[in-house]
Amino acid sequence: MILALALVLAAPAPPAHPHPHPHPAKDLRQLAQQHGIKIGTAVDIAALRDEPDYRQRLNREFTHVTAENAMKWESVEPERGVYTWDDADALVENARRNHQQIRGHTLLWHNQLPAWLTSGVEDGTIDATELREILREHITTQVRRYKGKIRAWDVVNEVVEEDGSLRQSIWLQHLGPGYIADAFRWAHRADPHARLFINDYNLEWNAPKIETTLSIVKDLKAQGVPIHGIGFQGHLGIQYDYPADWANVMRRFADLGLEVAITELDVRMVLPVTPEKLATQAEYYRRALTDCLSVRACREMTVWGFTDRHSWVPGWFEGEGAATLLDENLAPKPAYKALLAVRGRK
Ligand code: 9MR
C-alpha cells in the first residue's frame, strides 16, 4: 500500500488535458482555478492562531480571505487614538504567505463600533463636524495601512433597511446621506487601486432593498464617486426558499458596471442535522455558485466560515447551526462535495 502510494506520488504529471476541466476539482482552490473566480472564507483569527488543522485547511482551500471581526472598527481602535492592528496584520501576513487575496471588512457599519465613539455621539461630546472628521480619519488610516494589500474593501456595510429606507444609523442621523459618497471618496484617495464595494444582506431577494441599493449606486456613479462592486452577503437558511431570482439581481448591478461578489455565504438549518437537510443545504450552496458563475461580473464567492466549529450562526439563531461546508472535525459535508462537482464558465 505504502509502496503503491509512493509510486503514484513519484509518477510524472499527466499531460495537460485537451478539455478545460473534465474532472471534478480536488479542493476549493482548484475549483476556483477551474472557474476563474476567487473562492474565499471569513477567517476567525483566534482559530488561525491556535488551531493547526484550521490553519492548514484554510490555507490549502482558499484563494481569498476576509477577516470575520479583526478589521472592524471596535477591533482596530478600541480606545480613541489607540490602534490595535495585531490581529488584522496577522491575517494579512498569513494571506501573503499563502497567496490569498483579501477583502477588507468593513470600513463603515452601524455594529461593532467602539464604545468611545457611540457613547461620545450619544452624550453629545462628539458633534457632527467632529464625527465626520473621525470617520474620515478612520477610513484613511485603515485603508492606507493596507494599501496595495487589500484587493477589495467593503466600504459601507448594511446601509439600507428592510423596507428600503436608508438605515437610521449614527452616520445618517448626524452626517446625512452624503456620508456614503464621502466614505467611498476617502477610501479611494487612500488606496486608488482597491476595489470599493457596498455590501448588504437580504439583497438576494428583498425588492425594496434591491431598488434602493440600485439607486444609491446610480447616484454615486452619476456623481463620479469611485464605487466598483456590490457584495451580496448571502446568509441563507434551508427553512426559507432559495432566492431564485438572485442571478437576475446580480445582473442588474453588473449592468451598472459593478463587479459582483458573494461575500458572506452560509446556509443554516434548524437542528438537528439530518441527511435530508444536508442534501438541501448542498443544493443551496450549489445554486449560489452556479448563480455567480452565470454572471460574468461575479468574480468572488466567499463563505462566512468554512467549518461548523467556528460559525456565527449558533450564537445568533437559537436552535440553528451547521451552516458551513465542513463539520466540526473539518470533514467535508455534502455541500462541499456539491461545490466541487459544479461545472461552469471558462
Ligand atoms: O460573524 C461575525 C460575528 O462573529 C460577530 O459577532 C457579528 C457581530 O455583529 O458579526 C458577524 O459578522 C457579520 C458581518 O460582519 C456582517 N454581515 C453579517 C455577519 C453575521 O452577523
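Both counts, for ligands and for their atoms, begin at 1 and track the order of listing.
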Below 30° counts as parallel, above 60° as perpendicular, anything between as tilted: where do the rings of Trp153 and Tyr146 land?
tilted
Less than 6.0 angstrom from the centroid, inside 45 degrees of the normal: does Arg309 satisfy that with respect to the ring of Tyr54?
no
Cation-aromatic face contact Lys209/Tyr201, 6.0 Å, 45 degrees:
yes
Would one find more than 12 heavy atoms of other residues, nucleotides or ligands at under 6.0 Å from atom CG of Asp241?
no
Proximal protein residues to ligand 1, non-hydrogen atoms under 4.0 angstrom
Glu68, Asn69, Lys72, His105, Trp109, Gln112, Asn157, Glu158, Gln233, His235, Glu264, Trp304, Trp312, Trp316
Between Glu158 and Asn199, does any side-chain donor sit less than 3.5 Å from a side-chain acceptor?
no
Does Arg268 count as lying over the ring of Phe317, i.e. NZ or CZ under 6.0 Å from the six-ring centre, within 45 degrees of the axis?
yes
